Every structure is written in C-alpha cells, then in structure tokens.
S.K.: 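The structure is given below, and queries will be raised subsequently.
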Amino acid sequence: MLIIQMKFLQAILSVFHYSINFVQMQRSFLDTPIEFLKGVGPMRAEALKKELRIFTFDDLLNLFPFRYVDRTKFYRISEINEDMPYVQLRGKISHGELVGEGRAKRYVARFTDGFDTIELVWFQGWRWMQGKFSAGTEYIVFGKPTAFNRKFNMAHPEVEAVNEDNLKLNSALQAVYPSTETLKNKGLDSNGIRRLQTTLVSQLNNHLTETLPDYLVKENNFVPKEEAVKQIHFPTGNAELAKARARLKFEELFYLQLKLLKQKTIRSATTRGFVFSKVGDYFNNFYKDHLPFPLTGAQKRVVKEIRVDAGSGKQMNRLLQGDVGSGKTMVAMLSMLIALDNGYQACIMAPTEILANQHFVSLTETLGPLGLHIKLLTGSTKVKERRKIHADLLSGELQILVGTHALIEDIVQFKNLGLAVIDEQHRFGVAQRAKLRDKNKLGGNNNALAPHILIMTATPIPRTLAMTLYGDLDVSVIDEMPPGRKPIKTTHMTDNQRLRMFGFMKEQIALGRQIYVVYPLIQESEKLDYKNLMEGFDSIEREFPLPKYQISIVHGKQDAQRKEMEMQRFVKGQTQIMVATTVIEVGVNVPNASVMVIESTERFGLSQLHQLRGRVGRGAEQSFCVLMSSFKLSKESQIRIETMCRTNDGFEIADVDMKLRGPGDIEGTQQSGILNLKIADLSQDVKILQDARIIASKILDEDPDFQKPENFILSKQLEEQSKGKTVWSKVG
Ligand code: ADP
Ligand code: MG
C-alpha cells in the first residue's frame, strides 16, 4: 500500500517537474529581447523600447491591435459615406498632376472604379508620386475617405497594384496597431508592426502554454492561450476574433481582480485595527432622543455594516457610495458616535471650506444635546485657535474635528483617532488618504494603529470602475432616498427661450421658493461666446429688480468672509436667488431651494451636472432643474442633456458619463493604473469584469495561498505580472 502511494507521489512530482521545465522554456522564448526578432535591428529595438515600452517578444505579442479594418470587401465609390473609417477600392488611376503653390502644393490623382471617380491626394512625398502610376494598371486603394466640398477624397491612401498575393492577403480582417512618429520614421507604422507580428506569431509553435488554470479554460469554453494570441493579431474571421478577445479580456480582468482581492486579504490578515466593541451612551441617547428623522432602511443597513466592520478587529477601509441627498452625513455622524463610545476621537474631512463649515454647523446643531467637544479647522482658522486645537487633539479633550486639507497637515496629531471620515472622496488624492492613516503615529508612537477609514462619495462611480479602482476596499451603498422626495423634473431650454425661463423663476419665487443660477467657471482670458458670470448677474438684476427681489452672488474670487455672508443670506431665506459659479457644487444644503438653473450646460460634464442638480430636491416641494444651452450643440452635449432630462439615477448617469469620456477622464482614475489595461474596456466589459471578480473571489476563498496544484499557475502569473511592469498603485 505504502509503495503504491510512493509511486503515485513520484508520478505526481515528475509531472510537476515536467511542467515547471516547460513553463521555463516558454518564458525564455517570451523573454527574448526584441532585438533578436528578425526585422528588428538595434535602431528599431531602441525605438520600440522608448516609444511603446516593448522590450521582449512577450511585450510585442501583448501589443494588441486597437481596431481591425475589413479588407474582405471592395467598395464602390458610390457607396462611400462619411461614417466609414476605412474603405478598400479597386480600379484604375487615370491622371495625376501637381497642383497648388508653396505649402498648398499637392499631388492629385484621379481614381475610377469604372463607374465614379474620386481624388487621391498627397500633401507630402509628391515628388516621388510623379510617374508612379501607370494608366493601364489595376490598383487596390485603401484609405480613409473625407468629405470636402461635398465630394469625397482620400488623403495619403495605400496604393498597390493588384496581384494574386495582395488579393489573398486582403481577404481577412487586418489588425491596426498603435504607432508613433518616431516609429513610423523607422518603418514601423501599423503595417510595419504587423509584419513583425507575422514573423513572431509564425515562431510560436506551442511556445505559449496556458496562462489560466485548465479548469477555468474548460468551464468557460475559452480558446487556448496560443490560439487567442494568434487570432487577436491575425483573425481568420469575426467569430474567431470575438472568441479571442473574450478570452484575453477575461484573463486581464481576472488577474487584476485576483491581485486586488489578494491584497485585501493580506491587508486584513496583517493589519490590526481598533476594536469598537460596543455601542454606548452617546449613540444610544442620540438615537433614542435626538434623531431628527427616522433613518431610511439603507442608512440603517450601512450603519450596521460599519459597526460590524469596525468591531471585527480589522482596520476598516470602506467606501460609502450614495447619491446626492441620500443622507450620508447622518451615517457619518452615527459612525463617529460609535468611535466616541469606545473612547476614540473622530474626524471628518471635506474638500472645501464651505462644505467643512456646513458640516461643522450641522454636527454642532444635531449633536449639540450630547455636549460634545467639536472644533473646526480650516485654512482660515486663526493661529491662536489653531494652537489650542492641536493641543486639545493631543490631550484627547477634543472629540470630533471637522476640517479641510488643513486637517492632514503633519502638525495635526491625535491622541487616538479611531475613525476618519472623508467626504466627497473624489477630490482627495491617494497620498492624502495615506496621511490620514498615520495620524496616531506622528506623536512618536510607532505602534499606534491606523484609524478606521470611511470614504463617502456622492459621485456615484460606475460599479465597474468601483470594483477596479476600489477592488481592495469594501463598498457600502445607500440606494434609497429619504422619504417624501419628489423626483426632480428636468427640462432643457435654449438661449432664445430665456424669457420663458425668467417667467418660470418668477412663478416659483412667488410660491416662496428659492433658486440657484449656476455658471461655469470661465477664465477671463478665454474669449468664448458664453455668458460670463457677471454679465449673467447683471441681466438677472435687471430682470429681478430690488427691492422686490434679493440676490446673492458667490464665486471663487471672493474672500471666505464675503462668500460666507452671501451664502448665509441665502440659507436664511433673505435672498431668493443665488447666482454662483460651481463653488456650490458640493454639499450645500438649502431645503427650500427648489429650482436649479444651469447656464451654458454644454460646458459641464455629466457628473458635475448631476451634482449641481442634487442641490435641489431636498425639501418636500416639487423641484426643477432647467438646463440652458445654446441652440447648436455637439453630439456629445446632446447626449449629456438628454441623459439628464431622462433620469435622476446617479449610477445610470455615471455609466453614460464613462461611456462618453472613457474611464481615464473620470476623477480619481488617473493614479490607479487601470488605464494600463491592454484589451479590456471598463465601459463595455462590465459583465466580464463581474464574472472575473466572482471567480477570483471564489478561488481566494477556497485556496487563498494557491496551494492546490491546479492553482500553481495563479501565483506564477501574478509573479510574472508584477515583475516591474504594470505597477498598480495602492488605493485606499
Ligand atoms: P448627502 O448624502 O448628499 O451628503 P445629506 O446627508 O446632506 O446628503 O442629506 C440630505 C438631506 O436629507 C439633509 O437635509 C438631511 O437632513 C436629510 N436627510 C438625511 N437622512 C434623512 C432621512 N432618513 N429622512 C429624512 N431626511 C433625511
Ligand atoms: Mg454630503
């Protein structure tokens, strides 16, 4: 029996041995420096390294085409329309000549497919073009048609005389690769790079072994790795290409999720946190006697999630997502009370002075009956007051600190900060967040623990992005609005309907409502045809004259005191109209304000528009949002405005935003590394991302250290990927 077992063991070991050797062999091929590829000399190698960071065979194989052109069809000239990216034509060139003078000099050739004609134009290299074409020869012309004077032409097309070979070559989807000026000068335009890929792919011969565990390939019906790589560069058809892309996208997102989730497991295993073991008098008294309204179900659930998390002995890193007006502040307050109940301090950090101020006011008012020691620290805090705050934080006398960036300065040290809340997270960088973690250590106590961190964001980050950006954070969502809210009605008006808009404003003011009118921030130097804030203010003053109407104005050039004064007049209901720049975007809470007029809507991004609209709809009255714009709008502006009119759902809006702008432009993504994705596209591959995350998480649950033989490959791949290439910056 024992002997049989031994034999069995040996057999298993030898299989491992074999596969490890095989993996090594594969790596050595893949790790071959790029200059060893036929067609790449030292000069080209240098350029490839510099321009595209291609150092090895593997790097080149991972340079995926960004699109494909269909060379399976020859178009007729009469079929050409403006939406066609590239077309392929077949016909003869009848006539060519140099036209124009000086810089406008160009070579123009007339091409005919036997039915119609089109002009081929070269602005450079025309000396060489002369005499290149012969009248009797049939050519394949490939290029991008552009409309000019209601006719189409093609600038700098590829032109080849028809022969058997190129007819065959063109009978497939052709990959287009990214290139740069420098590379083009060395013959490595898209076609040049494709030639290198041809050479490299022909050498693969099973050098590419599987990079996903076999069971994943089987369960998901993935094409094998090598097949996928071949197809991505040289697809034999649309279906084959789709399969290859699906597999490679999955692989990319899967390893990304696996890595993030593993980081999270490691962190929770190695980082201890304060244990908030109880809910005490502060929380209970407040909850029983002073809660201004019953919590929504979502608020209750989130408070509980936070309580469990902060009591677990791990350090909490939680992202709280909740649409504008969903009541995140109350959740923050209750969480802070739990910290206080356990003998710790708490702080809340906001991105602007106005918002910090507002938090301070609402905290002192709401929590007033508890007799807490709360202070505000911003850039305008006087030196003397500041010193006192610093001292009281260290002694532990100060229980809650509200503030702006001033709060993360090194000099601000706590005795025992138990919970740090960050409001409107997207305005803070990763580095700033990291500083908060060390707030208890700066006093020289190196063993002090990091506080629990609660990040609140009102910009709903598309779920896909949250999963990637914050893959190592826990996420809570408030998905329910406080009761009694009527959905905001949004309409679009163009500038020539301004009088109607003024009329509507007057009606609302007569009903006792207050109104925001918001202008985009415009630099004085920008000579743009947009209403500037002051002009707008003047026209509103003319339309809404004193003393019947009172108007506040708030903008970035005012000092804090003036701003505060204007704001307070509006908050107290002394003014009916608040004319402002985007200063008011974040946080301001005036429940009686029920109309938001946004000027030059086309200048704002979607998420910003949604934030602005969220300033109204906070009271019981029906609220309105009027989007003013010029008559002529770009396609994108139209989509933005149409989306705003259609829905109030922040997540839906965030998704559209991401589709329009790409994840790269969404705040907070720049440092994250998600832009380094090679093939997956977060705005489109939601389903794949979700699957990848579920699968990665399941694997980590069952085999956290990849001990099972079938999971060896996972450590190997993670290790490969971390070899100095993509460095995913730590988030949170
Ligand atoms: P946000 O999530 O945008 O920070 P706030 O916390 O400022 O939202 O809450 C928006 C408004 O809703 C505030 O006036 C707040 O007092 C009120 N509010 C919050 N929770 C509730 C609730 N459960 N019931 C009624 N009103 C609530
Ligand atoms: Mg808020």
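We count ligands from 1, going down the list as the structure has it; atoms in each ligand are counted the same way. Predicted model only: the values in this text are computed from it and were never measured.
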S.K.: With Asn592, which of Gln576, Gln514, Glu621 fulfils side-chain hydrogen bond (donor to acceptor under 3.5 Å, both in side chains)?
M.R.: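 Going through Gln576, Gln514, Glu621 one by one, the side-chain hydrogen bond (donor to acceptor under 3.5 Å, both in side chains) with Asn592 is satisfied by Gln514 alone.
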S.K.: Just jot down the ligand 1 atoms closer than 4.0 angstrom to any heavy atom of Thr296, in number order.
M.R.: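 Those of ligand 1 that fall under 4.0 Å from Thr296 are 23 (N).
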S.K.: Are Arg646 and Glu652 ion-paired here, with the side-chain N under 4.0 Å from a carboxylate O?
M.R.: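 Result for this pair is yes, salt bridge flagged.
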S.K.: Does this structure show an ion pair linking Arg318 with Asp309, if we count only N-O contacts that are shorter than 4.0 Å?
M.R.: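 Result for this pair is yes, salt bridge flagged.
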S.K.: Tell me whether the rings of Phe274 and Tyr344 are parallel (<30°), tilted (30 to 60°) or perpendicular (>60°).
M.R.: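 The arrangement is tilted - the two ring planes meet at 30° to 60°.
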S.K.: Salt-bridge test for Glu385 and Lys388: reply yes if a basic N is under 4.0 Å from a carboxylate O, no otherwise.
M.R.: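 No salt bridge links Glu385 with Lys388.
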S.K.: I'd like to check whether Val324 has a polar contact with ligand 1, where a contact means an N/O of the residue lying under 3.5 Å from an N/O of the ligand.
M.R.: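 N/O-N/O distance under 3.5 Å: no.
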S.K.: Using non-hydrogen atoms of the residue, decide whether Pro591 is closer than 4.0 angstrom to ligand 1.
M.R.: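 Not so, Pro591 does not reach ligand 1.
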S.K.: Check whether any N or O atom of Gly327, backbone or side chain, sits under 3.5 Å from an N or O atom of ligand 1, and answer yes or no.
M.R.: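 Looking only at distances, the answer is yes, because the N/O contact criterion of under 3.5 Å is met.
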S.K.: Gly322: heavy atom below 4.0 Å from ligand 1, yes or no?
M.R.: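 Contact absent.
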S.K.: Report the distance from atom OH of Tyr287 to atom NZ of Lys300, rounding to the nearest 0.5 Å.
M.R.: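 It comes to 5.0 Å.
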S.K.: Which part of Asp323 is near ligand 1, with near meaning a heavy atom under 4.0 Å away: side chain, backbone, both or neither?
M.R.: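 Contact part for Asp323 vs ligand 1: backbone (N, CA, C, O).
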S.K.: Is the contact between Arg618 and ligand 1 made by the side chain, the backbone, both, or neither, using heavy atoms and a 4.0 Å cut-off?
M.R.: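 It is the side chain that touches ligand 1; the backbone stays farther off.
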S.K.: Consider ligand 1: state whether an atom of it lies below 4.0 angstrom from any non-hydrogen atom of Val331.
M.R.: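 No heavy atom of Val331 comes that close to ligand 1.
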S.K.: Under 3.5 Å, is there a donor-acceptor pair between the side chain of Asp423 and the main chain of Ala350?
M.R.: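 It does not hold such a pair.
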S.K.: Decide, yes or no, whether a salt bridge links Arg485 with Glu480 under the criterion of side-chain N to carboxylate O below 4.0 Å.
M.R.: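 Not counted as a salt bridge, because no side-chain N and carboxylate O are separated by less than 4.0 Å.
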S.K.: May I ask whether Glu480 has any heavy atom positioned less than 4.0 angstrom from an atom of ligand 1?
M.R.: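 It does not, in that no heavy atom of Glu480 comes within the 4.0 Å cut-off of ligand 1.
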S.K.: Using non-hydrogen atoms of the residue, decide whether Pro294 is closer than 4.0 angstrom to ligand 1.
M.R.: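 Yes, Pro294 has heavy atoms under 4.0 Å from ligand 1.
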S.K.: Provide the number and element of each atom of ligand 1 under 4.0 Å from a heavy atom of Thr329.
M.R.: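 The list of qualifying atoms is 4 (O), 5 (P), 6 (O), 7 (O).
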S.K.: When you look for heavy atoms under 4.0 Å from ligand 1, do you find them on the side chain of Arg485, its backbone, both, or neither?
M.R.: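 Just the side chain.
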